Amino acid sequence: MTPPSEHRDFVRQIIEDDNASGKWGSRVHTRFPPEPNGYLHIGHAKSICLNFGIAKEYGGLCNLRFDDTNPEKEDVEYVDSIMEDVRWLGFDWEDRLFYASDYFEQLYAWAEKLICDGKAYVCSLSLEEIRSGRGTPTEPGANSIYRDRSVEENLDLFRRMRAGEFPEGAHVLRAKIDMAHKHMLLRDPIMYRIRFAEHHRTGNKWCIYPTYDYTHGQSDSLEKITHSICTLEFENHRPLYDWYCDALGIHHPQQIEFNRLNLTYTMMSKRRLLELVQAGTVTGWDDPRMPTICGLRRRGYTPEAVRSFCASVGVTKHNATMDMVVLENHIREDLNKRAERRMAVLNPVRVVITNYPEGQIEELDAINNPEDPAAGSRKVPFSRELYIEAEDFMEEPPKKFFRLAPGREVRLRWAYFITCTDVVKDASGNVTEIRCTYDPATRGGDAPDGRKVKATLHWVSASHAVPTEVRLYDHLFMKEDPDAVDDPSLDWKSNLNPNSLQIISNAMLEPSLKTAVAGDRFQFERMGYFCADKDSQPGRPVFNRTVTLKDAWAKEQQK
RNA sequence: AACCCGGUGGUGUAAUCGGUAACACAACAGAUUUUGGUUCUGUUUUUCCAGGUUCGAGUCCUGGCCGGGUUACCA
């Protein structure tokens with residue numbers, strides 16, 4: 001899709017410049033540092049591809065590190081899913097799996113050092129007092145009355161905080177920087193808070209937990225990271241990370257901020273995605289409508305498509321929103337080459353070939369993938385009664401409708417030319433049966449006399465068809481920007497698409513599809529790419545539509 | 001109002017000492033096609049504004065304007 005280019009994004013340019021100048025001794029070491037408080041989404045995939053991709057391209061290393069400093073929101077369920085998703089994407093952290101919680105002891109020792117250096121103090125103000133004392137962006141904050149406690153008192157209190165002698169909220173440890181600083185973050189930020197919470201890894205060993213800001217930079221430092229690549233919203237935090245590294249006199253990685261990925265018709269907020277899961281709006285984190293990696297996987301996306309999409313999105317310093325169709329084009333491009341074709345009728349209507357012998361069955365050859373000769377061919381049974389797509393017939397066709405209509409001849413894929421001779425309708429006028437004749441000379445789909453038809457339809461032999469459930473997905477949200485609401489009393493949830501899932505309970509599959517197992521991907525000819533769901537039963541696969549094919553007729557109809 | 005960061009077709013990006021604004025997607029038109037798919041060809045559309053420096057500015061300077069982030073004991 002995107003041709004190979006000499007272009008390097010600004011992050012890679014920085015790395016190449018550093019390698020050229022020998023800044024890090026030509027060492028490149030990155031990391032992907034998720035918090036295990038939710039499932040990874042396509043936005044994380046961009047970050048994973050960037051960090052692991054850069055390490056690979058420049059002969060460096062990339063760590064996986066869990067930034068697990070908030071025990072109240074984190075869980076091993078998330079840790080496990082994150083590892084699974086990173087692996088599925090095709091990346092390997094080898095023996096470099098780390099947890100910020102592994103550094104708690106070191107972080108604590110460093111906190112004592114900052115206390116001893118007069119650079120941190122125990123503050124006993126309440127949450128509200130700290131907040132109000134911080135000032136506003138335009139007004140300086142006020143020094144805490146505890147700011148000038150002695151080193152001895154600070155050390156004593158901090159050790160007793162760790163020992164569990166104080167209730168939550170009684171004290172915090174703050175860095176002593178500058179309450180009048182222009183950066184709000186540098187107005188004596190919190191380093192430690194008391195939390196009697198069980199941590200998913202350290203259990204009840206700790207009742208004080210370091211904040212992210214006090215942890216993140218030092219974790220990178222401990223791992224000897226050279227380039228700490230993160231998203232734009234951490235730009236404001238860089239001076240604070242710098243302050244900690246400098247105050248501690250430790251290895252100081254270079255932080256580089258890039259723009260996070262946004263996609264139309266969906267959202268990347270872990271908080272909101274969790275809300276959808278908890279409210280039952282979706283069936284879970286892996287609901288195929290979710291932008292999560294596991295959701296995309298279940299939807300039928302391949303790691304290759306996700307990676308090529310991530311490689312194409314662009315790494316810059318300004319906010320951007322990618323069009324969902326770009327993601328969809330990447331999976332189409334991948335699956336077009338790889339997915340075998342099958343025939344499946346989603347909205348069946350019966351066709352009777354009146355001049356075809358009753359009881360006769362022919363096994364016809366069907367090519368599995370015209371894009372890949374190595375995929376070979378299969379047999380498809382043909383008989384007197386078939387199903388075709390209801391949308392492929394119109395009794396009174398408009399100008400540009402090329403498909404079946406009374407008196408018109410079309411081709412059945414890999415089978416015969418048929419001509420519609422009659423239409424049977426029920427009392428309310430619905431078409432219940434279409435009667436056709438076939439031309440035996442066109443077996444396989446070619447007319448020896450060279451005559452042409454304007455349409456080729458997919459079909460399934462009625463007596464051989466495998467009835468099953470197919471799930472069709474549409475955008476999670478009706479608007480490109482889920483936050484766009486006209487009525488101020490409404491929020492993003494009002495933009496949820498009520499038709500994001502359409503369940504078809506009686507789709508008809510060609511018999512070869514009967515043995516499909518979860519994860520199998522096919523192109524249902526003319527309908528789209530589909531992936532067998534984990535809800536499949538032996539002999540009765542359930543399919544998710546990954547994405548439709550491009551549809552020139554649908555576009556024509558919208559005019 | 002403060003601080004930080006940004007503004008290039010509809011969207012995402014490129015233009016690396018200042019030298020013809022280009023690529024992909026989308027849109028539109030056509031060709032090919034046993035998928036109205038794929039593939040191929042063509043067309044439309046671009047430097048936030050105003051000054052300045054210069055033979056020459058998307059790029060440098062000044063001043064505006066607009067957008068995002070920050071004001072958690074979240075990350």
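Note that the structure is predicted; figures quoted are calculated from it, not measured. Heavy-atom basis, side chains included; hydrogens, waters and symmetry copies ignored.
Checking A27(B), A2(B), C25(B) against the side-chain heavy atoms of K555(A) singles out A27(B) as nearest. Listed nucleotides: G69(B), U35(B), C73(B). Nearest to the side chain of Q523(A): U35(B). Of the candidate nucleotides A75(B), A72(B), C3(B), A72(B) has the atom nearest to the side chain of R134(A). When each of G12(B), C3(B), G36(B) is scored by its nearest atom to the side-chain atoms of A320(A), the top-ranked nucleotide is G12(B). Residue R195(A) places its side chain closer to C73(B) than to any other of G36(B), C73(B), C3(B). For N336(A), the side-chain atoms get nearest to U38(B) when compared with the rest of G36(B), A26(B), U38(B). Proximity note for Q13(A) (side chain, C-beta onward) versus U16(B), A75(B), U11(B): the nearest is U16(B). Across A1(B), C74(B), G12(B), the shortest atom-to-atom separation from the side chain of M322(A) is found for G12(B). Among A75(B), U38(B), G36(B), the nucleotide with an atom closest to any side-chain atom of D67(A) is A75(B). Taking the side chain of K550(A) as heavy atoms from C-beta on, and the options G69(B), G37(B), A75(B), the nearest nucleotide is G37(B).
Residues F524(A) and F543(A) bring their aromatic ring centres within 6.0 Å. The aromatic ring centroids of F234(A) and Y212(A) lie less than 6.0 Å from each other.
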Next item on the list: I would like to know whether F477(A) and E480(A) meet side-chain contact (heavy atoms from CB on, under 4.5 Å); could you show each step before the answer?
Entry: CA-CA 7 Å; F477(A) 291 92; E480(A) 284 195 10; over 6 Å; no
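A salt bridge links D483(A) and R272(A); the closest N-O separation between the charged side-chain nitrogens and carboxylate oxygens is under 4.0 Å.
The separation between R65(A) atom CZ and A75(B) atom P is 13 Å, rounded to whole Å. Counting to the nearest Å, the P atom of C73(B) and the CD1 atom of I190(A) are 5 Å from each other. Between the P atom of C4(B) and the CG atom of L186(A) lies a distance of 12 Å, rounded to the nearest Å. If you measure from atom CG of D323(A) to atom C1' of A24(B), you get 13 Å, rounded to the nearest angstrom. In this structure, CZ of R187(A) is placed 14 Å from P of A2(B), rounded to the nearest angstrom. The CG-P distance, from D481(A) to G10(B), rounds to 19 Å in whole Å. Counting to the nearest Å, the C1' atom of U32(B) and the NZ atom of K454(A) are 14 Å from each other. To the nearest angstrom, C1' of A24(B) lies 10 Å from CG of N329(A).
The 12-atom threshold is not exceeded at CD1 of I367(A), counting heavy atoms of other residues, nucleotides or ligands nearer than 6.0 Å. Environment of NZ in K23(A): crowded, with over 12 heavy atoms of neighbouring residues, nucleotides or ligands closer than 6.0 Å.
Between T211(A) and C73(B) there is no side-chain polar atom (N or O) within less than 4.0 angstrom of OP1 or OP2. Considering only side-chain N and O atoms, R193(A) lies under 4.0 angstrom from the phosphate OP1 or OP2 of C74(B). The side chain of H318(A) places an N or O atom within less than 4.0 Å of a non-bridging phosphate oxygen (OP1 or OP2) of U13(B). Taking only side-chain nitrogens and oxygens, R271(A) never comes nearer than 4.0 Å to OP1 or OP2 of C74(B).
Sequence order on RNA chain B of the closest nucleotides to G445(A) and K317(A) puts K317(A) first from the 5' end. In terms of position on RNA chain B, the residue among T69(A) and H183(A) whose nearest nucleotide sits closer to the 5' end is H183(A).
The base of A24(B) lies outside donor-acceptor range of the side chain of H330(A), with no N or O pair under 3.5 Å. Side-chain to base pairing of E257(A) with G6(B): no donor and acceptor N or O lie closer than 3.5 Å to each other. With hydrogens and angles ignored, no donor-acceptor pair under 3.5 angstrom links the side chain of D551(A) to the base of G36(B).
With both pairing distances under 3.5 Å, A15(B) is matched to nothing as a Watson-Crick or G-U wobble pair. The partner of U53(B) cannot be assigned: no Watson-Crick or G-U wobble pair with both contacts below 3.5 Å exists in any strand. If you check C65(B) for Watson-Crick or wobble pairing at under 3.5 angstrom, you find it paired to G7(B). Look at U70(B): its Watson-Crick or wobble partner, with both distances under 3.5 angstrom, is A2(B).
Going from the P atom of U59(B) to that of G51(B) covers 14 Å, rounded to whole Å. Using P as the reference atom, A31(B) and C17(B) are 46 Å apart when rounded to the nearest Å. Nucleotides G58(B) and U13(B), compared at atom C1', are 14 Å apart to the nearest Å. The gap from the C1' atom of U38(B) to that of C60(B) amounts to 48 Å, rounded to the nearest Å. Look at the P atom in both A14(B) and C73(B): the space between them is 37 Å, to the nearest Å. Here, A50(B) and C66(B) have their C1' atoms 15 Å apart, quoted to the whole Å. The C1' atoms of U47(B) and G9(B) are separated by 10 Å, rounded to the nearest whole Å. When the P atom is used for both U8(B) and A15(B), the distance is 14 Å, rounded to whole Å.
Of the candidates W110(A), F104(A), F166(A), F158(A), F158(A) is the only one forming a ring-ring contact (aromatic ring centres under 6.0 Å, His included) with Y192(A).
Atoms CG and OG1, on L404(A) and T419(A) in that order, are 8.5 Å from each other to the nearest 0.5 Å.
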